[in-house]
Amino acid sequence: MKIKLSVSSSRYSEIQKELQDRGIEIDDEADLILSERDGYLSTIKVRNRATGEYVMVSTEDIIFVETFGHKVVVHAGETTYLASERLYQLCGLLNPEKFLRISNSVLIATDKVKKIQPTLSMKYILTMSDGNNVNVTRSYYNLFRDYYKI
Amino acid sequence: MVSIFVFIMPAIFALLLLIVTVAVYFFIYKRNINKALNDRDSVKRRMPPPYKVLIGAASVIIILTILFISVVRVNSGNNGGGLEDKYFAASYSFNVYQPDEMTGYLSAYSIEENVGYKKYVEDIGDVRVTYFMSEENYDVYHPGFIAYVEYVGTKDVLNYGYWGNFLTPDGTNICGRGAAGSDVEDYFVVVGSTSIECTFQLDMYYYDSEAKGEEIEDGAASSETIKLILDPTNEE
């Protein structure tokens, strides 16, 4: 059996040992995820889109995450990465006080929003700190307003 | 007919007002939310989103515009059933005189002939109308028409009544008035004038008794109508 561990770094080693002693293999590509209650990731394992190299990216560096078909693209600084988790899984793994879902395909770091452009419809256009624009869609419009109290 | 401007001008104004209102609100709202971006913890009054303001402002402005146009239409209707503006700006007048009232400048006019006027005679039922139409352009000093109305019927009529109306060329009423009860004499004289091309319709009533009805035509032993085509510019 293979399990991916999604726990805080302080408990990672302890839990990893317990599971391995019981014959459970730890694999970051596994479909089953064991996560900690109220425990949010501080880093995530992603693959560099350009080089294909696997790296650990701090969640503090993430600007936003978007999906293209089956691909989940993580924008962190000037580099883009591919994540193995689905977007809805990342929503559960990342701290909701720092990350907010703004559409069916985009998750943003709330402190990385540079500018908000309102429209005459139920939509906002956000300019992120790396210059990319993302849209808050109708379904997430009120959620976004409540979060930022606007 | 109510001027087309009654509809177009308020609509244009309403649209401009809506655009300006929404644009100003949009600018203020954008500034407000970007301020909130950097200061989420402070307590502030939340502004409604622009789409709600657009819907609300558009609704209010549309309702006010419809009310405004309705009021203008009602007033135009009360002023003559949709007359064009030029008829409101024109002048109309006529007076009715007994023969012994044709004094002063009126004494210059005669049932026989009048210089500068073309003479017409029409026998209509029991009434003969000898009328004179000015051959000059309209001016404030000379009447546009003078009509001598004689009863030539066989009934013993005692007094007469009249109703004079100015009408547009297509028959829409502009203004009018009437009276009844004066004694029948050789004739009565209608002297009138207008500054715009129109028709003067004179309804003439003769009564053989003193009895009066509610309407001017009630009890009339004889009633006839004549229409005079008035053209103050005297174009051919």
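Scope of the values below: all heavy atoms of this structure, side chains included, with no hydrogens, waters or symmetry mates. Please read these numbers as outputs of a predicted model, since none were measured by experiment.
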I'd like to check A/M122 versus B/P49 (side-chain heavy atoms, cut-off strictly below 4.5 Å). Are they in contact?
no

Against chain A, label B/V22 side chain, backbone, both or neither, depending on which of its atoms sit under 4.5 Å from a heavy atom there.
side chain

What class does the angle between the rings of A/Y141 and B/Y51 fall in, given that below 30° is parallel, 30 to 60° is tilted and above 60° is perpendicular?
perpendicular

For the CG atom of B/N34 and the CD1 atom of A/I116, what is their distance to the nearest 0.5 Å?
5.5 Å

Within a reach of under 6.0 Å around NZ of B/K119, are more than 12 heavy atoms found that belong to other residues, nucleotides or ligands?
yes

Side-chain contact test, heavy atoms from C-beta onward, threshold under 4.5 Å: evaluate it for B/R46 versus A/D146 and give yes or no.
yes

Around atom CE of A/M1, are there more than 12 heavy atoms from other residues, nucleotides or ligands closer than 6.0 Å?
no

Are A/T119 and B/P50 close enough that some pair of their side-chain heavy atoms sits under 4.5 Å apart?
no

Just so I know, are the side chains of A/Y148 and B/L37 near enough to count as touching, which here means a heavy-atom distance under 4.5 Å?
yes

Could you check if a side-chain atom of A/I150 sits within less than 4.5 angstrom of a side-chain atom of B/N32, using non-hydrogen atoms only?
no

On a heavy-atom basis, which atom in B/K30 and which in A/P118 lie closest, and how many Å separate them?
CG-CD, 3.6 Å

